[in-house]
Amino acid sequence: MVRLKIKDILQNGKTGEKTLVKAWVRTKRGSKNVNFIALNDGSTIHNLQIVADTEKFDEHLLREINTGAALAVEGLLTESQGSGQNVELAAEKIELLGKADPEKYPIQPKKHTLEFLRENAHLRFRTNTFGAVFRMRHAMAFAIHNYFNQKGFYYLHTPIITASDAEGAGQMFRVSTFDPLNPPLTEEGKPDYSKDFFGRPTNLTVSGQLEGELGALALGEIYTFGPTFRAENSNTTRHLAEFWMIEPEMAFYDLKDNMDLAEEFLKYLIRYALDNCRDDLQFLGNRLSQEEKNKPKEQRSMDLVEKLEFVLNSEFVRITYTEAIDILKNSKPYKKKKFQFPVDWGVDLQSEHERYLVEKHFKCPVILTDYPKAIKAFYMKQNDDDKTVRAMDVLFPQIGEIIGGSQREESLEKLEKRMDEMNIPAEEMWWYLDTRRYGSVVHSGFGLGFERFVQFVTGMGNIRDVIAFPRTPKSAEF
RNA sequence: UCCCUAGUAGCUCAGUUGGUUAGAGCGGCGGACUGUUAAUCCGUAGGUCGUAGGUUCAAGUCCUACCUGGGGAGCCA
């Protein structure tokens, strides 16, 4: 007999049909004559109710059907007499596949805090919340590939181990096969990396962008989607030491094309979520408003589905950094000295400033462009004013910068000059500079932090709750 | 890394200005109940009060250090 997924049973199951399910017990209730077992197999947020007449089954077996246990149940699908569900399974055969000791199993049918579940990350998939989050995470990953594939982008696998730290995007994790207590030494007494595995110092990648550009300048449009590593000692709800990033890179795209793509891309993903993840979104939305129901009304966030629809239907505001500074300088919080950090042309915007622009002033996603060159990376296209570069940051409500990108500098001369100014060793980057040497063209790209996007779309407040096994400072369990 | 905050039963928390045998709800277990919806009712077990020092006649409560969690900031995606 073929096992059916609970999602299919609830959607297409016909009453009167013999049905087999294999799943885990969420709750069991019952009286003398009948037991009700709520089963979940991960295919949907919804449970299938099993009805077991106590006289049909061994008392010992029924006693071992506890929360967390795995069952195979065969029976007739019937119309439900109760009000919580349309159909239920009248059990004829129950096999206990794996028991779960109720004295020890940590996930009990009660409200658990996210912090507790994080410490039980190996079992938290079995909760409604994390089931919904990880189904949605999958859907978003799938939609990303879908989007780029249908636009003719190629999925490029850039290296995870890299010898260049040219991007300077923070601290890197060293990759080495040396015995830390006893590395081969040079005559000066330093570790002799020429004897290490790669014959040179190597690290885990902080970005696939530079390699991505190499691909784009031949294949046309590429994207990367892979793990990224930062050894920063960041302890926030939006940082991980290991996270996933999407980095499209496109030949012949200028900054406007880049912005258009970023906006269309984000909207595609949001629409995909609304079209394909309704039940999970509904559940996560309800969870959120439950959590916030004690907050004063003005502090509550918008309903999750409403928020997604709002972003989908709004046009992202596009302004320059310089215009943003003007707006901030004329803002109420600035005049009342409410901002903690200074606002002046040339300084990087702080999250309080970004949040003001997005949440208070424009009340919709904002794309900021043309930042001062001093606060941006060496590879960004320099404007004719000699002060700014063709950078773009997409700012979202609540999470701030979700996308950072730019048009890339295609002039070899300008790029070399800029690298020299910023003390970036051009010799080591000969392969990158070769793209500007041979057939250089206008091109652009951006990076999207996958977990931050999943946070946005699920409404989860802490980034550690949208990745299965979070890696953060002092934390690499599981 | 900095600032704030917390660590008491499996979980969520209470524990008065330091003062006898450390409490509740949920969960667990036992029982009752003719279809329940995280069911309900009755009963019951369960705690070296994060770790190490210190102050005191007396520390869950005060002090110091460390560990871990959470919130905010910085760095950034």
Side-chain angles (χ1 to χ4, degrees), chain A residues 25-38 40 46-55 63 66-68 78-85 88 90 100-120 123 127-128 167-171 205-209 227-247 340-341 348-352 354-355 375-377 393-396 399-405 446-456 461-467 472-475 477:
Chain A
V25 177
R26 283 296 174 77
T27 60
K28 187 182 73 169
R29 306 172 281 277
S31 62
K32 196 158 73 180
N33 300 326
V34 67
N35 276 341
F36 300 96
I37 306 158
N40 188 283
H46 301 296
N47 297 329
L48 176 67
Q49 173 156 284
I50 306 299
V51 183
D53 287 331
T54 46
E55 55 186 23
R63 199 169 312 147
N66 307 111
T67 299
T78 54
E79 217 165 292
S80 180
Q81 298 173 33
S83 58
Q85 56 284 314
E88 61 193 18
D101 183 345
E103 303 248 20
K104 292 184 183 140
Y105 184 62
I107 313 297
Q108 289 302 334
K110 72 182 291 287
K111 196 179 156 107
H112 289 296
T113 59
L114 294 174
E115 292 82 27
F116 172 75
L117 293 170
R118 217 170 284 150
E119 284 166 16
N120 292 280
L123 297 172
T127 62
N128 285 332
E167 229 211 323
Q171 292 281 104
T205 183
V206 293
S207 163
Q209 181 203 314
T228 309
F229 308 88
R230 305 273 166 94
E232 294 287 333
N233 191 7
S234 300
N235 294 288
T236 78
T237 53
R238 345 177 267 294
H239 287 87
L240 292 165
E242 177 183 286
F243 63 99
W244 290 67
M245 190 152 66
I246 300 102
E247 294 178 294
Q340 203 190 327
F341 291 90
D348 211 353
L349 297 180
Q350 302 294 325
S351 30
E352 59 177 356
E354 295 178 350
R355 293 190 70 153
I375 58 173
K376 288 290 180 185
D393 282 3
V394 181
L395 309 180
F396 260 31
I399 42 178
E401 183 187 335
I402 194 163
I403 277 181
F446 62 80
L448 169 72
F450 185 52
E451 282 77 14
R452 287 201 184 162
F453 183 73
V454 177
Q455 268 188 283
F456 176 76
N462 193 317
I463 200 166
R464 292 160 205 156
D465 295 330
V466 297
I467 188 166
T472 53
K474 298 277 165 358
S475 172
E477 192 71 61

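Remember, it's a predicted structure, so these values are computed and weren't measured experimentally.
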How close or far is atom [atom2] of [N] from atom [atom1] of [X], stated in whole angstroms?
| X | N | atom1 | atom2 | answer |
| --- | --- | --- | --- | --- |
| A:K111 | B:rC26 | NZ | C1' | 13 Å |
| A:H112 | B:rG25 | NE2 | P | 18 Å |
| A:R464 | B:rG71 | CZ | C1' | 10 Å |
| A:E247 | B:rA77 | CD | C1' | 9 Å |
| A:E115 | B:rG10 | CD | P | 19 Å |
| A:F456 | B:rA77 | CZ | C1' | 16 Å |

Quick one: label [X] by what it contacts on the DNA or RNA (base, sugar-phosphate, nothing), any heavy atom closer than 4.0 Å.
| X | value |
| --- | --- |
| A:F36 | base |
| A:P106 | nothing |
| A:Q81 | base |

- Message: Does A:Q85 contact B:rU36 through a side-chain donor or acceptor facing the base, at a distance under 3.5 Å?
- Response: yes
- Query: Per the atom types in the model, does the base of B:rU37 pair as donor or acceptor with the side chain of A:N47 at under 3.5 Å?
  - Reply: no
- Protein heavy-atom contacts under 4.0 Å, written 5' to 3' over nucleotides 39-46 of chain B as B (base), S (sugar-phosphate only) or - (none), form the string B-------
Given [N], is OP1 or OP2 found less than 4.0 Å from the side-chain N or O atoms of [X]?
| X | N | value |
| --- | --- | --- |
| A:T236 | B:rC75 | no |
| A:K110 | B:rC11 | no |
| A:N462 | B:rG71 | yes |
| A:S234 | B:rC76 | no |
| A:R238 | B:rA73 | yes |
| A:S351 | B:rG74 | yes |
| A:N233 | B:rG74 | no |
| A:Q350 | B:rA73 | no |

- Query: On a whole-Å scale, what distance lies between the C1' atoms belonging to B:rU8 and B:rC49?
  - Reply: 4 Å
- Item | Rounded distance in Å between the P positions of B:rU20 and B:rC33 | 44 Å
- Does A:Y105 or A:G84 map to a spot on RNA chain B nearer the 5' end, using the closest nucleotide for each? A:Y105
- Task: Tell me which of A:E88 and A:T472 sits closer to the 5' end of RNA chain B, going by the nucleotide each one is nearest to.
- Result: A:E88
- Testing B:rU34, B:rG69, B:rG71 for proximity to the side chain of A:T237, the answer is B:rG71
- Task: Name all stems that contain residues of RNA chain B, defined as runs of 3 or more consecutive Watson-Crick or G-U wobble pairs, both distances under 3.5 Å.
- Result: B:1-7 with B:67-73, B:10-13 with B:23-26, B:28-32 with B:40-44, B:50-54 with B:62-66
- Item | Residue pair A:S31 / A:T54: nearest heavy atoms and the distance that separates them | O-CG2, 4.0 Å
- Query: So, A:R230 and A:T228: side-chain donor and acceptor under 3.5 Å apart, yes or no?
  - Reply: no
- Using the side-chain hydrogen bond (donor to acceptor under 3.5 Å, both in side chains) rule, collect all pairs that involve residues 103-119 of chain A, keeping only residues at least two apart or in two chains. A:Y105-A:R126, A:R118-A:D465
